[in-house]
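A quick write-up on the structure given underneath.
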There are 2 protein chains.
Amino acid sequence: MAKIKRDGVLREANCTEELLAMRDSLDVLGGKWKLMILRFLTNRTHQVIHFKKMQREIEGISAKMLSKELKDLEVNLLITRKVQDTKPITVAYSVTEYGKSVLPVTETLVQWGLNHREKIIESI
Amino acid sequence: MAKIKRDGVLREANCTEELLAMRDSLDVLGGKWKLMILRFLTNRTHQVIHFKKMQREIEGISAKMLSKELKDLEVNLLITRKVQDTKPITVAYSVTEYGKSVLPVTETLVQWGLNHREKIIESI
DNA sequence: GTTACTAGTTACCTTAATGAAACTATTATG
DNA sequence: CATAATAGTTTCATTAAGGTAACTAGTAAC
């Protein structure tokens, strides 16, 4: 296991410390939609993404949940929200550089999900 | 984006497909405790892990939740449960080989959590 | 003036998730 | 006989999560 420095001394990084780090991640990224939204936005950094577009393309999410989750992600500096002076007004959402740091997480989840589906299918 | 074969033709893997895979992962691994438990067990494949030990070392989990989550993980073939004929009886839990396939997921979450904590601290 | 689009918000409701504490059962120790 | 350890289960309660549908507000097209 890795060594880390704390309280001025080197000591063994114990499992507890790893679990606490994971708890931090899950507090910020956990729940049904946050990682989905981040993945969606990260896949489309070359496009302007509006609220309604996300609601249409992220299957199953309601306006209420989308609105709430977007606020949470913005507070944690993972996405930005920009009102555009169009008529009717539109709001452009995009991932921040920091938000892009979540990509390895969503990538492992996508890969695991694909593999899991294969495993389920071949077990029938 | 990667190409995948479906319906006998090659077509572009769209975001929807990635999101569906992630949805599958979250359905199996989501929630407050499952990834914590898997990480804990994966870190201790060289030890025998009993119910009470997990309850003591996974901070904040109750007997009820631990019991329920362990059942879910067992159903999905991610862990095994073995009753040992000791007095008092003990039950040994361990990750399966398939359960170990979740390691990349927990690893990225641990790393992201460590990085996130740093970022929070330096932003004060 | 009615319909439709944008981007949400609000109220109401149901279900899922979680927790605390008490409890069962077995066996051993003092 | 009381205490303590194992591995949970059960009951009761609360909180969090999530859904539906109606609604606001501004603007434009028909």
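All heavy atoms count here, side chains included; hydrogens, waters and symmetry mates do not. Note on naming: letters A, B, ... go to the chains in the order of the sequence lines (proteins, then strands), and numbering restarts at 1 for each one.
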Return the value, rounded to whole Å, for the distance between atom [atom1] of [X] and atom [atom2] of [N].
X     : N      : atom1 : atom2 : answer
B:K64 : D:dT14 : NZ    : P     : 14 Å
A:I58 : C:dA7  : CD1   : P     : 14 Å
A:Q55 : D:dT20 : CD    : P     : 11 Å
B:K52 : C:dT26 : NZ    : P     : 17 Å
B:K34 : C:dA16 : NZ    : P     : 13 Å
B:K68 : C:dA17 : NZ    : C1'   : 7 Å
B:D85 : D:dA7  : CG    : C1'   : 14 Å
B:E69 : D:dT9  : CD    : C1'   : 16 Å

Any side-chain heavy-atom pair of [X] and [Y] under 4.5 Å:
X      : Y     : value
B:Y93  : B:I37 : no
B:V91  : B:H50 : no
A:R117 : B:L20 : yes

Assign [X] to base, sugar-phosphate, or nothing according to its heavy-atom contacts below 4.0 angstrom with the strands shown.
X     : result
B:K71 : sugar-phosphate
A:K87 : sugar-phosphate
A:S62 : base

Closest to the [X] side chain: [options]?
X     : options              : result
A:W33 : D:dT9, D:dT6, D:dG19 : D:dG19
B:P88 : D:dA7, C:dT6, D:dT6  : D:dT6
A:I89 : D:dG8, C:dA7, C:dG8  : C:dA7

Task: First of B:L70 and A:G60 reached from the 5' end of DNA chain D, by closest nucleotide - done: B:L70
Task: Contact nearer the 5' end of DNA chain D, comparing A:K32 with B:K53 - done: B:K53
Task: Earlier contact from the 5' end, DNA chain C, for A:F51 and B:M65 - done: A:F51
TODO: On DNA chain C, check which nucleotide each of A:A92 and B:I61 is closest to and give me the residue with the more 5' one.
DONE: A:A92
Hey, does the side chain of [X] come within less than 4.0 Å of [N]'s phosphate (OP1/OP2), counting only N and O?
X     : N     : result
B:T90 : D:dT6 : no
A:R56 : C:dC5 : no
B:R81 : D:dG8 : yes
B:S67 : D:dG8 : no

Open item on the list: Under a 3.5 Å cutoff, is there a donor and acceptor pairing between the side chains of B:T96 and B:T80?
Closed with: no
- [ ] Check the pair B:E59, A:R23 against salt bridge (Lys or Arg N to Asp or Glu O under 4.0 Å), reporting the backbone distance first and the verdict last.
- [x] CA-CA 10 Å; B:E59 207 174 337; A:R23 167 61 54 230; over 6 Å; no
TODO: For the pair A:E57 and A:R44, evaluate salt bridge (Lys or Arg N to Asp or Glu O under 4.0 Å) and give the outcome as yes or no after the intermediate values.
DONE: CA-CA 12 Å; A:E57 299 200 26; A:R44 289 157 187 253; 2.9 Å; yes
